[in-house]
Amino acid sequence: MQPSLVLRSGRSAWKGPYFVAFPNLKQALEDHVPIRTQERSCTILPNFVGIRFMVHNGKDYIPVTVTQDMVGHKLGEFAHTKKRFVYRMTKNR
Amino acid sequence: MVHVLGVALPDMQLARLALTNFYGIGHKTAQRLCARLQIHDRSKIRDLTAQQITELASFLASPSTAPPLRRMPLASPTFQPPPASTPIEVLRKRVTELSKPTGAEPLRNLKIEAEGRRVVRENIAHQRMIGSYVGKRHAMGLPVRGQNTQSNAKTAKKLNRVNRFG
């Protein structure tokens with residue numbers, strides 16, 4: 001059974017998905033060069049499959065390798081923006 | 001107390017409301033179900049005949065393979081019946097044309113109980129497998145849809161799991 005990919009698209013269907021035409025897409029496919037991008041809201045299209053992206057999370061660039069299952073989602077979903085909360089009681093009270 | 005597909009339906013409850021006891025059926029779907037199976041709006045479970053209950057059970061067992069309900073349209077106020085001399089085949093043909101089931105079958109994709117839970121589990125597993133934010137939040141047992149965590153995350157902390165429903 002196919003899990004539902006079209007859950008909360010947010011954008012009207014008649015507008016089509018929001019995506020960015022990366023200039024070095026062909027090069028990334030052939031030479032496996034990662035694409036550095038700050039376009040977190042770019043929808044992953046079927047022709048992105050197999051490409052390595054370096055997605056910005058505000059500070060660093062997180063490597064994301066696109067698979068077939070990721071197609072309807074956005075790039076930013078795979079680059080977490082917050083550090084994991086760890087409780088450390090400071091010594092200087 | 002009638003048992004249908006493993007779920008107990010209390011006798012004193014309205015049939016339309018008792019159907020919401022199934023996982024995957026809410027008030028709207030229950031209303032549609034009663035319309036589909038021709039159960040009266042105000043009938044209680046104890047008023048249903050054995051045939052109605054078997055119909056209900058067989059429909060819910062596999063909603064996608066159930067035979068479609070034929071249409072029974074009412075005549076308009078200005079309806080003129082055809083003359084008595086019309087041949088019976090013409091009349092029969094007209095009846096079959098009128099009672100053809102329409103294309104829209106909103107209950108065909110109904111998923112109940114185990115199947116419904118499986119859908120939810122598969123969606124969560126898919127999000128976890130691709131490594132998305134939603135999957136990570138399920139794994140951490142925290143709210144997924146951007147709710148506050150500094151306070152008030154009790155339900156999410158209790159229920160959000162990667163393999164929900166055990």
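- Shortest non-hydrogen contact noted between Met129(B) and Asp69(A) is CE-OD2, 3.6 Å.
- Taking hydrophobic clusters as Ile, Leu, Val, Met, Phe, Trp and Tyr residues chained together by side-chain heavy-atom distances below 4.5 Å, Leu14(B) does not share a cluster with Leu48(B).
- Using a 4.5 Å cut-off between side-chain heavy atoms of Ile, Leu, Val, Met, Phe, Trp and Tyr, with links allowed through other members, Leu75(A) and Val20(A) fall into the same hydrophobic cluster.
- Within the model, atoms CZ of Phe85(A) and CD of Gln150(B) stand 9.0 Å from one another, a figure rounded to the nearest 0.5 Å.
- With rounding to the nearest 0.5 angstrom, the CD atom of Gln127(B) is 6.5 Å from the CD atom of Glu77(A).
- Taking OH of Tyr133(B) as the start and NZ of Lys82(A) as the end, the distance is 5.0 Å to the nearest 0.5 Å.
- Connection of Val64(A) to Ile130(B) is established within a shared hydrophobic cluster, with ILVMFWY side chains joined at heavy-atom distances below 4.5 Å, either directly or through further cluster members.
- No chain of hydrophobic side-chain contacts below 4.5 Å, direct or via other Ile, Leu, Val, Met, Phe, Trp or Tyr residues, connects Val120(B) to Ile25(B).
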